[in-house]
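All chains are named by letter (A, B, ...) in the order of the sequence lines, taking the proteins before the strands, and each is independently numbered beginning at 1.
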Amino acid sequence: MEKAYEAKKFEDAIYSEWINSGYFNPDNLPNRNKEIFSIVLPPPNVTGQLHIGHAAMLAYQDLMVRYHRMKGDQTLWLPGMDQAAIDTQKMVDKKLKAQGIDRHQIGRKKFLREVDKFTQESKIIIKKQLQKMGSSLDWSRERYTMDSGSTKAVQQVFIKMYNDGLIYRGKRVVIWCPHCQSTLADDEVEYIEQKTPFYYFRYGPVIIGTARPETKFSDKVIVVHPQDKRYKNIVGKEFEIEWIQGKIKAKVIADISADMEMGTGAMTITPAHSFVDFELAQKYNLKVEEIINKAGRMTSAAGKLEGAPVKEAREKVVEILKKKGLIKKIDKNYIHNLSVCYRCRTPIEPLLSEQWFVNVNKPIKKGKSLKQLASQIVKNGNIKIIPERFNKTYFQWMDNLRDWCISRQIWFGHRIPVWYKKDKYKIGLKSPSEGWTQDPDTLDTWFSSALWTFSTLGWPEKTKDLKKFHPNTVMETGYDILFFWVARMILMTTYLLDEKPFDTVYLHGLIRDKQGRKMSKSLDNGIDPLEMIKDYGADALRLSMIVGSTPGIDMKLYDEKIAGFRNFVNKLWNISRFILLNIKNPKIIEKRPKPKTLFDKWILNKLDSLIDSTTKDLDNFNFSIAGMALKHFTWHDFADWYLEIAKVEKDKEEILLYCLQNILKLWHPFTPYVTETIWKNFKTDLLLIQKWPEAKYKKDEKTIKNVQIIQKIIFEINKFKNEHKINPKKSIECLIISEKYNDLINKQATVIEKLARVKHTTQEKSLNTELHLPNIKIYLKAETRKSNDKEIANLEKYIESLENKLNNKKFIDNAPTDIVKKEKEKLKETKKLLTKIKK
RNA sequence: GGGCAUGUAGCUCAGUUGGUUAGAGUGCUACGUUGACAUCGUAGAGGUCCUCGGUUCAACUCCGAGCAUGCCCACCA
């Protein structure tokens with residue numbers, strides 16, 4: 001073994017060994033129990049690069065998967081990729097544009113061939129990157145949201161939902177990007193804060209406020225709140241009003257959607273260009289008239305302004321109303337959020353469009369709608385969300401869910417299985433007969449991802465895998481896609497399979513830069529996981545994202561942090577190196593060896609405790625806590641103490657090996673590469689499939705206490721040397737006297753001598769320094785004498801606080817007796833210590 | 001506007017049912033390099049646990065109010 005662990009020398013070869021073993025595939029795993037652990041990889045987009053967020057998700061998932069595999073569970077982690085329709089199409093567009101090609105020139109078929117070429121290449125790159133992290137994914141089951149299986153599932157679902165009356169075609173308000181010429185999903189909208197003039201107009205009997213006067217051409221309804229006293233006497237009446245294009249008739253209705261506090265409390269509605277207004281229009285059966293078209297220009301409803309771009313029309317409308325004296329006030333400091341397309345930053349238009357929708361409100365099963373089913377299954381506790389607080393977020397979103405627009409006006413994606421002939425249309429995969437043309441649109445990319453937990457397992461066929469691995473045990477993903485993905489999976493699965501998609505949702509936080517900013521291309525503050533792996537190794541990168549992170553809470557990541565964990569990985573390497581250097585043919589130690597000395601007992605008891613706690617922590621998703629405890633044990637208990645003891649007390653081969661082997665097993669899910677590399681020294685099966693350690697843990701109080709005393713003695717002597725700038729290597733004369741611990745100290749004399757670098761003597765006279773510990777006196781021969789002022793002050797303060805507590809009758813009366821006893825003991829010992837020091 | 005989080009050592013963060021003289025890593029300082037490890041060791045300095053109230057014998061921990069920061073949703077009346 002080399003002096004330092006160089007990750008890049010080993011990682012690739014180790015990964016190949018794992019792959020060749022076939023053990024990533026649960027069908028090949030030996031000695032399985034009945035438990036199932038299944039998890040599906042949230043499919044990365046086929047647009048190319050893996051980012052640090054992916055690395056984090058892989059670290060958490062691989063941790064769980066490796067743990068369960070070692071426990072003997074039938075463990076499946078299924079990989080795959082997502083077509084990311086819009087993103088991918090845009091990237092290919094860009095690539096072609098660089099060659100001077102426009103996709104409309106070459107046509108749909110040729111364009112899709114280009115997309116195919118691009119995604120093929122991309123998949124290979126991503127796969128390699130996923131593997132670099134050490135992900136133990138079952139590649140034999142690799143899937144893609146556009147492969148034949150997925151496609152079949154998507155088509156079948158569409159048809160079933162249509163037949164169940166859950167998918168319909170309708171003219172409804174959608175989010176539209178006039179530049180991209182497509183509908184957008186909610187998450188594809190960004191907001192820019194902007195100052196816009198906000199106009200107040202005289203509109204018959206009321207004043208209305210708006211930032212978008214150009215949409216107001218055909219507003220003919222005034223809405224006020226039913227309890228608004230100001231307008232009580234005009235509700236239900238009709239008024240003739242002077243408006244943009246002359247006189248119009250407008251009636252007043254009362255609805256709770258009007259906010260009394262907002263503006264004047266009265267509003268007019270524009271059903272074709274607002275979700276809220278559209279719903280109101282349906283409720284009251286109002287006419288829905290389009291004012292803006294898909295190109296972002298005014299329609300014939302705007303009369304003379306037909307064809308004008310939105311911005312221009314706004315200015316003109318204001319001018320007209322000004323001339324008519326209908327402007328009451330203009331607020332120039334109004335700030336609002338402008339919605340823009342996330343890709344081209346064009347202001348989006350909510351507008352009426354003929355699209356395909358999923359009806360989330362229609363009662364289907366036992367009178368429950370899709371969204372009610374999806375809500376209920378979480379409410380009933382059938383799906384557990386970690387951290388819990390996201391339940392609330394989930395319900396809020398689900399309860400307010402509107403019909404889901406699933407058609408997209410792009411070429412790449414699952415094509416909508418609908419055929420048109422004049423005004424007729426038919427659902428089906430093939431043209432019904434001559435003269436029918438297929439819908440040119442494709443489905444929202446989330447439609448296929450929503451089926452991911454079961455389409456990957458072979459659904460709609462009733463496969464063995466589906467039966468065995470569905471529902472998934474865990475869904476691990478970032479909280480940022482709780483709505484877009486997690487919620488939609490729950491919705492689709494409860495409807496299609498009558499079950500949940502997974503038992504537990506573990507939502508990790510997002511990775512941020514050192515300043516807490518989101519990582520983005522424009523800021524150029526991204527951390528490339530591959531760079532980090534190259535510099536520090538995959539294990540260090542994984543640890544840096546597991547330890548110190550809490551689910552649902554963002555985490556900052558930066559070089560120094562990863563470097564710190566690289567140091568730990570190296571420490572683990574050197575611990576092993578030290579142990580293995582002296583052992584020629586290291587055997588596997590199956591049984592817990594019999595302890596011979598105090599420290600043997602201690603380390604084995606601590607190890608039992610660690611095995612116990614790590615198992616519990618991993619079962620409870622406390623990854624960070626598990627990692628910290630492991631790290632503490634490995635570095636401090638085992639390396640700093642026990643290995644040093646082993647240099648003094650000989651013949652510890654068995655215990656050292658036993659501890660090391662267990663440490664490696666416990667670490668393996670966290671740091672698979674270095675542990676597997678070290679494990680090779682044992683010349684046996686891969687660590688990957690070693691059995692997870694089990695231990696019956698009972699705290700050995702006495703041993704732990706005794707060791708603490710010895711540690712404290714050594715610590716005090718070291719501290720003394722340090723404070724007096726005595727070379728730690730220099731052995732000084734020492735005498736330790738303790739009635740209470742006489743036996744213990746005598747037995748551990750050699751350990752103390754070696755670790756504290758002292759020489760025992762019986763000649764008390766020559767020893768001019770005394771250190772104080774409860775029930776123990778340490779005499780040292782040293783030139784200097786330290787000042788105790790600060791220590792005395794501290795102790796006096798502490799004693800005072802303890803005395804106050806114990807003099808408090810309420811405390812004595814109310815606190816549990818063992819607490820009182822403990823406090824009394826503390827006081828007694830501290831007092832003793834103080835008098836000794838004062839002397 | 002509605003909701004959710006976060007606020008603990010210079011920095012990054014732990015702190016699991018209320019009882020610790022409040023912890024880790026990193027950075028800093030000092031001394032060192034002992035049979036593995038300078039990607040190391042030993043020790044030190046450094047904290048009104050955001051503020052104010054309340055519950056309690058006891059609050060970093062529970063409750064309320066406030067301040068600060070971040071995020072999500074709604075909003076172009």
Side-chain angles (χ1 to χ4, degrees), chain A residues 1 3-5 191 194 196 198 208-212 215 223 257-259 261-270 273-274 276-277 334 336-339 347 350 387 389-390 392-393 396-397 400 479-480 482-483 510 514 516 536 540 547-550 552-558 560-561 563-582 617 620 622 624-625 628 631-632 639-640 643-644 647 715 718-729 754 757 794-795 797-798 801-802 805 808-816 818-820 822-823 826 830:
Chain A
M1 285 173 86
K3 212 170 167 179
Y5 174 66
Y191 297 95
Q194 215 185 38
T196 325
F198 191 84
I208 56 163
T210 183
R212 296 204 56 184
T215 65
V223 185
S257 61
D259 185 348
E261 311 285 306
M262 188 105 173
T264 61
M267 65 175 180
T268 63
I269 56 170
T270 312
H273 301 284
S274 152
V276 183
D277 294 3
Y334 180 72
H336 80 137
N337 287 323
L338 181 70
S339 312
R389 67 187 145 87
F390 280 100
K392 214 171 176 175
T393 322
Q396 224 168 49
W397 186 82
N400 295 317
Y479 67 79
D480 54 331
L482 175 65
F483 302 142
L510 309 181
K514 206 173 180 176
Y536 304 111
V547 177
S549 83
T550 318
I553 290 182
D554 294 352
M555 193 188 64
K556 292 168 193 166
L557 188 71
Y558 43 87
E560 298 94 299
K561 205 172 198 169
F565 286 102
R566 186 269 322 267
N567 295 355
F568 171 74
V569 169
N570 186 60
K571 185 76 185 181
L572 187 58
W573 174 261
N574 270 291
I575 288 167
S576 314
R577 182 167 175 247
F578 171 68
I579 295 171
L580 294 170
L581 269 179
N582 302 309
D617 284 337
N620 294 321
N622 292 324
S624 174
I625 293 174
M628 282 192 285
K631 191 176 170 204
H632 191 268
D640 291 349
L643 290 192
E644 292 308 314
K647 290 174 188 173
F715 172 82
N718 277 334
K719 190 170 137 189
F720 173 82
K721 280 187 177 177
N722 226 302
E723 276 167 355
H724 295 90
K725 303 202 162 70
I726 298 168
N727 189 333
K729 204 174 165 186
K754 296 272 179 173
R757 299 252 146 189
N794 273 342
L795 287 174
K797 228 167 142 190
Y798 183 41
S801 76
L802 286 173
K805 204 185 251 182
N808 185 346
K809 208 177 162 252
K810 283 181 182 169
F811 173 71
I812 305 287
D813 291 348
N814 292 309
D818 57 317
I819 297 278
V820 176
K822 244 192 222 164
E823 298 297 301
K826 274 189 210 161
T830 317

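- Look at the C1' atom in both B/C28 and B/U12: the space between them is 16 Å, to the nearest Å.
- The separation of B/C13 from B/C71, taken at their P atoms, amounts to 15 Å, rounded to a whole angstrom.
- The CZ-P distance, from A/F720 to B/A43, rounds to 15 Å in whole Å.
- Out of B/G15, B/A36, B/A5, the shortest distance to the side chain of A/L581 is found at B/A36.
- Within the 4.0 angstrom heavy-atom criterion, base atoms lie near A/I819.
- Atom pair A/D554:CG and B/A5:P shows a separation of 14 Å (rounding to whole Å applied).
- Counting any heavy atom pair closer than 4.0 Å across all strands shown, A/N808 reaches sugar-phosphate atoms only and no base atom.
- Look at the C1' atom in both B/C52 and B/A14: the space between them is 27 Å, to the nearest Å.
- Among the protein residues, A/G209 comes within range of the sugar-phosphate backbone only, with heavy atoms under 4.0 Å from sugar or phosphate atoms but none that close to a base.
- Neither OP1 nor OP2 of B/G32 sits under 4.0 Å from any side-chain N or O of A/N722.
- Among the heavy atoms of the strands, none lies under 4.0 Å from A/P347.
- Phosphate proximity of B/C13 to A/S624: absent, as no side-chain N or O sits under 4.0 Å from OP1 or OP2.
- A/T550 places no side-chain N or O within 3.5 Å of a backbone atom of A/I553 that could act as its donor or acceptor partner.
- Here A/K3 reaches the OP1 or OP2 of B/C37: one of its side-chain N or O atoms lies under 4.0 Å away.
- Among the protein residues, A/N400 comes within range of no part of the nucleic acid, since none of its heavy atoms lies under 4.0 Å from any strand.
- With both pairing distances under 3.5 Å, B/A43 is matched to B/U29 as a Watson-Crick or G-U wobble pair.
- Between the side chain of A/K561 and the backbone N or O of A/K556 there is at least one donor-acceptor pair closer than 3.5 Å.
- The side chain of A/A211 lies closest to B/A77, out of B/A77, B/C37, B/G32.
- Remark: C1' of B/U17 and CG of A/N622 are 14 Å apart, rounded to the nearest angstrom.
- Look at CZ on A/R566: it is 11 Å from P on B/U26, rounded to the nearest Å.
- For the OP1/OP2 pair of B/C57 and a distance below 4.0 Å, the side-chain nitrogens and oxygens of A/N814 include at least one atom meeting the criterion.
- If you check B/G44, B/G3, B/C73 against the side chain of A/K392, the one that comes closest is B/G3.
- The base of B/C37 is paired with the side chain of A/K571 by a donor and an acceptor separated by under 3.5 Å.
- B/A59 and B/U55 are spaced 10 Å apart, taking the C1' atom of each and rounding to whole Å.
- The backbone N or O of A/N622 sits nowhere less than 3.5 Å from a side-chain atom of A/N620 that would complete a donor-acceptor pair.
- Here A/K729 reaches the OP1 or OP2 of B/U34: one of its side-chain N or O atoms lies under 4.0 Å away.
- For the side chain to side chain donor-acceptor pair (under 3.5 Å) test, residues two or more places apart in sequence or in another chain that qualify with A/D554 are A/Y479, A/R512.
- Contact between the side-chain N/O atoms of A/K826 and the OP1/OP2 oxygens of B/U21 is found at a separation under 4.0 Å.
- A close approach under 4.0 Å does occur between a side-chain nitrogen or oxygen of A/T210 and OP1 or OP2 of B/A77.
- Nucleotides B/U20 and B/A58 are separated by 13 Å at their P atoms, to the nearest Å.
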